[in-house]
Amino acid sequence: MSKILVIAEHLGGKLNSSTARAVSAAIAVKGEAIDVLVLADSADAIAAEAAKIDGVSRVLTVARAENAHPLAAVLAPQIAKAAAGYSHVFVPSTTFGKDVAPRVAALLGVAQVSDVMSVEAAHTFKRPIYAGNAIITVEADATHTVVATIRSASWPAATTGVNSAPVEALTVDAALPTHTRFVELKQGSSDRPDLQSASKVVSGGRGVGSKENFDIIFKFADKIGAGVGASRAAVDAGYVPSDLQVGQTGKIIAPELYMAIGISGAIQHLTGIKDAGTIVAINKDGEAPIFEVADFGLVGDLFKIIPELEAALN
Amino acid sequence: MKILVGYKRVVDYNVRIQVKPDGSGVVTDGVKLSANPFDDIALEEALRLREKGVAEEVIVVGIGPADLTAHLRNGLAMGANRAIHVVTGDAVQPLTAARVFLKLIEKEQPGLVILGKQAIDDDANQTGQMLAALWDRPQATFASKVEIADGKATVTREVDAGLEVIEAELPAVITTDLRLNEPRFIKLPDIMKAKSKPIDTIELGSLGVEANDQLKTTHYAAPAKRSKGVMVKDAAELVAALRQKGLL
């Protein structure tokens, strides 16, 4: 029977929702146990959050000063040791997981399945290639540990509430390197919902026209309590920083509501939003490809339409 | 210092990928092949480091069939000093590619290895991290800025939460993100010059690398399509429609 180890992603003492999504994928394996591993400098609060996720059997913590920041070179040897006895190691397919998981796989001498979209059987998975333009079914060797990253946009977060899994401190005997050091994290400080996990996202594109004009997007997003994203064109034009980019080379997201404003809908952008619940497109060009995938389309000048939307909401 | 650069050939990013009707693969016959865009960025960064005097030699590495030579010549025309062609008729998975690179590292002793963060065909995003693990050296993935000084690399990384800065002692592995640089265009005189640059050819089998391709791809399918929805006439109708779905 399968035993799955899910690696928790966290920042600033809070569990990232990508962890509960990875637990959903672990549940789909239908194994006998799902343990969540929390590597942190101070793990208690994060572990308490993880213990509430339904389906989790145990939460294991490794609290060490070296784990204060998510450095792959430091975390991977600990995860590889902790993986002993597990058939699967699942890590969210975020920049955190993409960084650390292959390092774990190589230490274990096993292949990695990247961006798991569905679990067909304990060792059979579906994943996208060619920027989502083809979906492949892959079979992993059942005699080896499966290391996989879980594509967050394909999985709902596992529910929380009724579960209260036991939390156990784990001691892992792994030599940790000092050749890699964290310097700083520059975060766009914001009270807005995080783009990756927001249930509503409003994105602006080149049609917004300038950095100053982008305020209209931020203001509207705040009005409806949405996260803010942008197309690659808007990022390349310098309207907003790159961490807001949605698409193949940016963030792949699956909010319940996605509003694309002044975005034409290049393939690379559509790749990032195709799992969204409802897509709304507002663009002055009625022929824009974004309308081909939009559930609701509205042709017109965004600078006229957004104030009208705000008025209609009041 | 030597810099080793991974230089993979992939289906050009402008090609519309078609899945074969029998699900056995994607159509690659007759489609345009190009350097993986992230590898062009890796090569550009290596060339800039050489131009700054940080490195003396830039070596491009390709793993693939005999006709990969023309692709490697492009890397030489862009400015690499020489190329290594690891010859194999089989597609290699990331762990095998990492093991090949490790063998080349043992021979070449580079101070830096720069790879693309992912290849745009299999989108695996694994080889650099796996190589760093096997080599037991630092990794700085998704780099958008690289500074080399005092035996270490200070690398700005594009992470979900923003920009992370880390320090990595050399030798190290760096993988490139889109915004690290804009690769230069190849000029005609450089293509002529590249013809006389050396390409070492090594059979994959002679490296003593265990091909360990544990993943079997059993089926290819086209992605599910979203269907076109409805056009609304104005803002009020849009708000009403979204309210009805409970989204606002």
Side-chain angles (χ1 to χ4, degrees), chain A residues 11 71-73 76 94-95 98-99 102-103 105-107 110-115 128-141 144 179-188 196 224 242-243 249 251 256-257 274 278 280 291-299 305 308-309 312-313, chain B residues 11 17 19 26 93-95 98 120-126 129-130 132-134 136-139 141-142 144 154 158-169 178-179 212-223 226 228-232 234-236 238-239 241-242 245 247-248:
Chain A
L11 183 65
L71 292 168
T94 53
T95 53
K98 288 172 180 174
D99 188 39
R103 194 158 180 131
L107 292 177
V110 301
Q112 174 184 303
V113 184
S114 294
D115 297 319
I129 59 171
Y130 290 103
N133 288 304
I135 309 299
I136 56 172
T137 306
V138 288
E139 278 177 23
D141 182 349
H144 290 97
H179 52 47
T180 313
R181 292 174 291 271
F182 173 85
V183 178
E184 62 173 326
L185 176 65
K186 300 173 197 165
Q187 278 179 281
Q196 195 89 57
I224 64 168
S242 60
D243 55 325
T249 49
K251 291 192 170 76
E256 288 165 34
L257 174 63
K274 61 181 169 215
T278 297
V280 173
F291 290 116
E292 294 300 316
V293 300
D295 299 281
F296 298 105
L298 179 51
V299 178
I305 290 171
E308 286 171 3
L309 287 171
L313 283 166
Chain B
V11 173
I17 296 295
V19 175
V26 300
Q93 289 179 9
L95 185 57
I120 61 165
D121 49 5
D122 62 15
D123 284 335
N125 196 334
Q126 299 174 10
Q129 297 87 316
M130 287 181 159
L134 301 177
D136 200 11
R137 294 303 308 165
Q139 69 187 49
T141 52
F142 325 140
S144 64
T154 304
E158 292 201 4
V159 297
D160 291 335
L163 296 172
E164 184 190 65
V165 182
I166 63 169
E167 274 179 10
E169 290 172 12
L178 206 62
R179 269 170 280 273
N212 193 4
D213 291 348
Q214 298 164 359
L215 299 180
K216 303 255 175 298
T217 299
T218 57
H219 188 71
Y220 291 73
R226 287 186 80 99
K228 194 176 155 90
V230 297
M231 300 302 283
V232 293
D234 58 22
L238 179 59
V239 168
L242 295 177
K245 292 192 96 178
L247 291 166
L248 283 178

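Each chain gets a letter, A, B and so on, in the order the sequences are listed, and its residues count up from 1.
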Taking every heavy-atom pair that is under 4.5 Å apart, which of A:D115, A:V280, A:V299 has the most such pairs with chain B? A:V280
If I measure from the heavy atoms of chain A, does B:L163 come under 4.5 Å with its side chain, its backbone, both, or neither? both
Pick from B:Q93, B:Q126, B:E158: which one has the most heavy-atom pairs with chain A under 4.5 Å? B:Q126
Which portion of B:L215 sits near chain A, non-hydrogen atoms under 4.5 angstrom: both
Could you tell me which of B:A124, B:A132, B:A133 has the largest number of non-hydrogen atom pairs under 4.5 Å with chain A? B:A133
What residue in A:P102, A:A106, A:A73, A:A72 has the most heavy-atom pairs under 4.5 Å with chain B? A:P102
Rounded to the nearest 0.5 Å, how far does NE2 of B:H219 lie from CD1 of A:I135? 10.5 Å
Counting only heavy atoms closer than 4.5 Å, note whether B:L178 contacts chain A via side chain, backbone, both or neither. side chain
Which region of B:P223, side chain (C-beta onward) or backbone (N, CA, C, O), has a non-hydrogen atom less than 4.5 Å from a non-hydrogen atom of chain A, or is it both or neither? both
Find the one option among B:V11, B:V239, B:V232, B:T154 whose heavy-atom pairs under 4.5 Å with chain A are most numerous. B:V232
Distance, nearest 0.5 Å, that separates OG1 of A:T278 from CD of A:E256: 8.5 Å
I'd like to verify something: which residue of A:K274, A:K98, A:E139 has the highest number of heavy-atom pairs under 4.5 Å with chain B? A:E139
Of the listed residues (B:A221, B:P94, B:A241, B:S144), which shares the most heavy-atom pairs with chain A below a 4.5 Å separation? B:A221
Where on B:F142 is there a heavy atom nearer than 4.5 Å to chain A: the side chain, the backbone, both, or neither? side chain
Working note: B:N125 + B:Q129, criterion side chain to side chain donor-acceptor pair (under 3.5 Å); need CA distance, chi angles, decisive distance, verdict. CA-CA 8 Å; B:N125 196 334; B:Q129 297 87 316; 3.0 Å; yes
Polar side chain donor-acceptor pair, B:T141 to A:D99, under 3.5 angstrom: yes
Drop me the distance from A:H179's NE2 to B:E167's CD, to the nearest 0.5 angstrom. 13.5 Å
Heavy-atom cut-off 4.5 Å, strictly under: side chain, backbone, both or neither for A:A76 against chain B? neither
Charged N to carboxylate O under 4.0 angstrom, A:E292 versus B:R226? no
Can you tell me which portion of B:V159 sits under 4.5 Å from chain A's heavy atoms? Options are side chain, backbone, both or neither. both
Distance (rounded to the nearest 0.5 Å) between B:D121 CG and A:Y130 OH: 5.0 Å
For B:V26, which atoms come within 4.5 Å of any heavy atom of chain A: side chain, backbone, both, or neither? side chain
Is A:Q196 close to chain B through its backbone or its side chain, or both, or neither, when contacts mean heavy atoms under 4.5 Å? side chain
Student check: side-chain heavy atoms of A:K186 and B:E164 closer than 4.5 Å: no
Region of A:H144 that comes under 4.5 Å of a non-hydrogen atom in chain B: side chain
Is the shortest side-chain heavy-atom distance between A:F182 and B:V165 below 4.5 Å? no
Which region of A:I224, side chain (C-beta onward) or backbone (N, CA, C, O), has a non-hydrogen atom less than 4.5 Å from a non-hydrogen atom of chain B, or is it both or neither? side chain
Within a strict 4.5 Å, meaning less than it, do heavy atoms of the A:R103 and B:M130 side chains meet? no
Nearest heavy-atom neighbours spanning A:N133 and B:V19: O-CG2, 4.1 Å
Go through the atoms of B:A161 and report whether side chain, backbone, both or neither lie under 4.5 Å from a heavy atom of chain A. both
Test side chain to side chain donor-acceptor pair (under 3.5 Å) on A:Q112 and A:S114 and set out the steps. CA-CA 6 Å; A:Q112 174 184 303; A:S114 294; 3.0 Å; yes
Pair count under 4.5 Å, heavy atoms only, with chain B: among A:V110, A:L11, A:L107, highest is A:V110
Just give me the residue among B:A98, B:A222, B:A236, B:G162 that pairs up with chain A most often, heavy atom to heavy atom, under 4.5 Å. B:G162
I'd like to verify something: which residue of B:L242, B:D160, B:L248, B:I166 has the highest number of heavy-atom pairs under 4.5 Å with chain A? B:D160
Less than 4.5 Å to any heavy atom of chain B: does that hold for the side chain of A:K251, its backbone, both, or neither? side chain
Does some side-chain heavy atom of B:T217 sit less than 4.5 Å from a side-chain heavy atom of A:T137? no
Taking atom types as modelled, is there a side-chain donor on B:Q139 or A:T180 under 3.5 Å from an acceptor on the other? no
